[in-house]
Participant: 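This is the structure I want to talk about, given as structure tokens.
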Protein chains: 2
Amino acid sequence: MDITRKEGEYLALVYRKQIENGERITTTGLARSLNVTPATVTESFQKLAAKDLIEYRPYHGIKLTKTGNTEAEKLLRRHRLLETLFVKMLKLTPKAACNEAARMDYYCSDELANHICGTYYHPIRCPCDKQIFGERSCIGCAQEGGS
Amino acid sequence: MDITRKEGEYLALVYRKQIENGERITTTGLARSLNVTPATVTESFQKLAAKDLIEYRPYHGIKLTKTGNTEAEKLLRRHRLLETLFVKMLKLTPKAACNEAARMDYYCSDELANHICGTYYHPIRCPCDKQIFGERSCIGCAQEGGS
DNA sequence: AAAAAAGTTAGGGTTAACCAAATATCTTTT
DNA sequence: AAAAGATATTTGGTTAACCCTAACTTTTTT
């Protein structure tokens with residue numbers, strides 16, 4: 001079963017908040033970030049859990065599973081590599097690059113991402129200085145296995 | 001009213017067949033190209049016509065309207081500029097670049113396209129030698145006003 | 001003018017995202 | 001510890017984008 005675009009957005013957002021920023025994930029908090037009602041977030045949690053991307057204990061929050069973690073990192077990797085390309089090659093501002101990347105990252109293949117990665121010598125930080133994860137399939141990449 | 005992704009695909013395909021290749025557009029022919037039933041194509045024609053993107057005479061075929069033409073060219077422009085970027089900068093093969101671009105073009109903004117366009121000195125042909133249309137909003141672009 | 005081919009309509013189906021209102025479960029606060 | 005308040009979930013929808021089959025209509029061919 002594969003991940004829809006929205007599900008990807010949830011995954012990436014949860015990863016950034018929970019793993020990268022150490023914030024606590026709440027239904028209402030996410031709802032506010034995504035401009036939807038809490039009911040919608042709950043529904044998403046259920047779908048994500050059904051696909052084994054998060055561990056979901058109703059009323060007690062969520063945690064990314066190993067798969068969820070990996071998928072979030074893949075998505076963020078693609079996002080941040082696109083940003084890198086847009087800033088370095090095309091001279092977009094980091095903010096504009098982020099907006100473009102946000103619309104395109106879900107549709108960007110790992111192959112394309114790997115090409116960007118190789119072109120820029122496997123960068124470790126994106127233009128906004130966030131981490132770009134290694135990827136097994138990318139020849140020359142750091143490969144820091146994940147969790 | 002805006003154009004959905006599929007509608008964009010129809011528009012671009014119709015443009016390529018009808019305008020660029022001089023082929024006659026038939027419901028069944030499009031259905032085969034897109035791997036759907038003729039009924040689905042008819043439905044799309046009705047939607048496209050409702051949005052004034054094509055002129056549709058039932059049983060007698062379709063023609064892009066001025067708006068439809070413009071939109072198709074915008075889409076193809078983005079597609080072909082993405083291809084250009086992927087081939088020139090990232091060394092994808094033209095075929096791979098086309099596949100990537102096909103997934104991303106709908107989500108690529110005109111601003112990003114303009115940046116690519118400027119970076120490559122407003123190219124007139126994509127890697128597969130098809131035309132890249134001028135765009136008013138792109139400073140330095142040829143600006144051949146369309147139809 | 002039939003038969004064949006092409007196109008359309010009618011009537012559905014699925015899936016993804018949303019929402020409001022009612023309900024359930026924490027968590028505070030008194 | 002009970003009530004109040006905050007948070008989260010369930011229930012029962014809606015809408016939009018695609019897609020389909022089967023029946024029917026129109027055009028084209030023979």
Side-chain angles (χ1 to χ4, degrees), chain A residues 1-14 17-18 23-65 67-68 71-72 75 102-107, chain B residues 1-14 17-18 23-64 67-68 71-72 75 102-108:
Chain A
M1 228 179 245
D2 36 37
I3 299 171
T4 69
R5 192 183 176 177
K6 276 288 161 199
E7 284 168 0
E9 272 178 41
Y10 276 89
L11 240 33
L13 186 58
V14 166
K17 291 205 177 207
Q18 196 171 64
E23 290 171 33
R24 209 164 65 79
I25 299 294
T26 65
T27 302
T28 312
L30 269 195
R32 267 195 279 270
S33 298
L34 295 168
N35 255 289
V36 294
T37 62
T40 303
V41 173
T42 297
E43 201 187 332
S44 282
F45 285 170
Q46 291 163 346
K47 282 193 188 150
L48 256 6
K51 294 185 184 178
D52 195 40
L53 296 161
I54 61 171
E55 236 174 80
Y56 172 47
R57 275 188 55 220
Y59 297 104
H60 292 281
I62 61 162
K63 228 190 80 185
L64 292 170
T65 61
T67 320
E71 290 301 328
L75 222 34
R103 286 207 309 280
M104 303 175 65
D105 55 11
Y106 178 74
Y107 303 96
Chain B
M1 227 181 245
D2 35 38
I3 300 171
T4 69
R5 194 182 174 179
K6 276 289 161 197
E7 285 168 359
E9 272 179 41
Y10 275 89
L11 240 34
L13 187 57
V14 167
K17 291 203 178 208
Q18 195 171 65
E23 291 171 31
R24 208 164 64 79
I25 298 294
T26 64
T27 303
T28 312
L30 269 195
R32 269 196 278 270
S33 297
L34 296 168
N35 254 291
V36 295
T37 62
T40 302
V41 173
T42 298
E43 198 188 334
S44 283
F45 284 170
Q46 291 164 346
K47 281 194 189 148
L48 256 5
K51 293 184 184 178
D52 194 41
L53 296 161
I54 61 172
E55 236 175 78
Y56 172 47
R57 275 188 55 222
Y59 297 104
H60 292 279
I62 61 162
K63 227 190 81 185
L64 292 169
T67 321
E71 290 300 328
L75 221 36
R103 286 207 309 280
M104 303 174 64
D105 54 11
Y106 179 75
Y107 303 96
C108 169

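In this text the structure is predicted, and so the values were computed from the model without any measurement. So that the names make sense, note that chain A is the first sequence line, chain B the second, and so on, each numbered from 1.
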Participant: For B:Leu11 and B:Ala72, work out which heavy atoms get closest and say how close.
Facilitator: O-CB, 3.8 Å
Participant: Search all heavy atoms of A:Leu64 against all heavy atoms of A:Gln18 and return the closest pair with its distance.
Facilitator: N-OE1, 3.9 Å
Participant: Does anything in residues 50-65 of chain A form a salt bridge (charged side-chain N to carboxylate O under 4.0 Å, His left out)? List the pairs, not counting sequence neighbours.
Facilitator: A:Glu7-A:Lys51
Participant: Take a 6.0 Å sphere around CZ of A:Arg5 and say whether it holds more than 12 heavy atoms from other residues, nucleotides or ligands.
Facilitator: yes
Participant: Taking side chain as C-beta onward, heavy atoms only, is B:Leu30 less than 4.5 Å from B:Val14?
Facilitator: yes
Participant: Using nucleotides 18-22 of chain C, report all nitrogen or oxygen pairs with the protein that are shorter than 3.5 Å.
Facilitator:
{"unit_1": "C:dC18", "atom_1": "OP1", "unit_2": "A:Lys6", "atom_2": "NZ", "d": "3.2"}
{"unit_1": "C:dC18", "atom_1": "N4", "unit_2": "A:Glu43", "atom_2": "OE1", "d": "3.0"}
{"unit_1": "C:dC18", "atom_1": "N4", "unit_2": "A:Glu43", "atom_2": "OE2", "d": "3.3"}
{"unit_1": "C:dC19", "atom_1": "OP2", "unit_2": "A:Thr37", "atom_2": "N", "d": "2.9"}
{"unit_1": "C:dC19", "atom_1": "OP2", "unit_2": "A:Thr37", "atom_2": "OG1", "d": "3.1"}
{"unit_1": "C:dC19", "atom_1": "OP2", "unit_2": "A:Thr40", "atom_2": "OG1", "d": "2.7"}

Participant: Going 5' to 3' along DNA chain D, which are the first and last nucleotides with any atom under 4.0 Å from a heavy atom of chain B?
Facilitator: D:dA17 to D:dT27
Participant: So if I define the base as every atom that isn't primed, P, OP1 or OP2, how would nucleotides 24-29 of chain C read as a B/S/- string at a heavy-atom cutoff under 4.0 Å?
Facilitator: BSS---
Participant: Taking only residues two or more places apart in sequence or in another chain, which ones pass side chain to side chain contact (heavy atoms under 4.5 Å, CB included) with B:Glu23?
Facilitator: B:Lys17, B:Asn21
Participant: Using the side chain to side chain donor-acceptor pair (under 3.5 Å) criterion, which residues pair with A:Tyr107? Sequence neighbours excluded.
Facilitator: B:Tyr107
Participant: Could you work out, with side chain to side chain donor-acceptor pair (under 3.5 Å) as the rule, every residue matching B:Arg103, not counting sequence neighbours?
Facilitator: B:Glu100
Participant: Please name all residues satisfying salt bridge (charged side-chain N to carboxylate O under 4.0 Å, His left out) with A:Glu9, sequence neighbours left out, ordered by chain then number.
Facilitator: A:Lys6
Participant: Tell me the side chain to side chain donor-acceptor pair (under 3.5 Å) pairs involving residues 35-48 of chain B, sequence neighbours left out?
Facilitator: B:Tyr10-B:Ser44, B:Thr37-B:Thr40
Participant: As an exercise, state the distance from CG of A:Asp105 to CE of B:Met104, rounded to the nearest 0.5 Å.
Facilitator: 8.5 Å
Participant: Kindly write out the residues that satisfy ring-ring contact (aromatic ring centres under 6.0 Å, His included) with A:Tyr56, not counting sequence neighbours, or none if the list is empty.
Facilitator: A:Phe45
Participant: If you compare all heavy atoms of A:Ile54 against all heavy atoms of A:Ile62, which two are closest, and at what distance to 0.1 Å?
Facilitator: CD1-CG2, 3.7 Å
Participant: Estimate the overall bend of the helix from C:dA1-D:dT30 to C:dT30-D:dA1 from the end axes over five pairs each, rounded to 10 degrees.
Facilitator: 0°
Participant: Which residues within residues 24-33 of chain B lie with some heavy atom under 4.0 Å of an atom in DNA chain D?
Facilitator: none
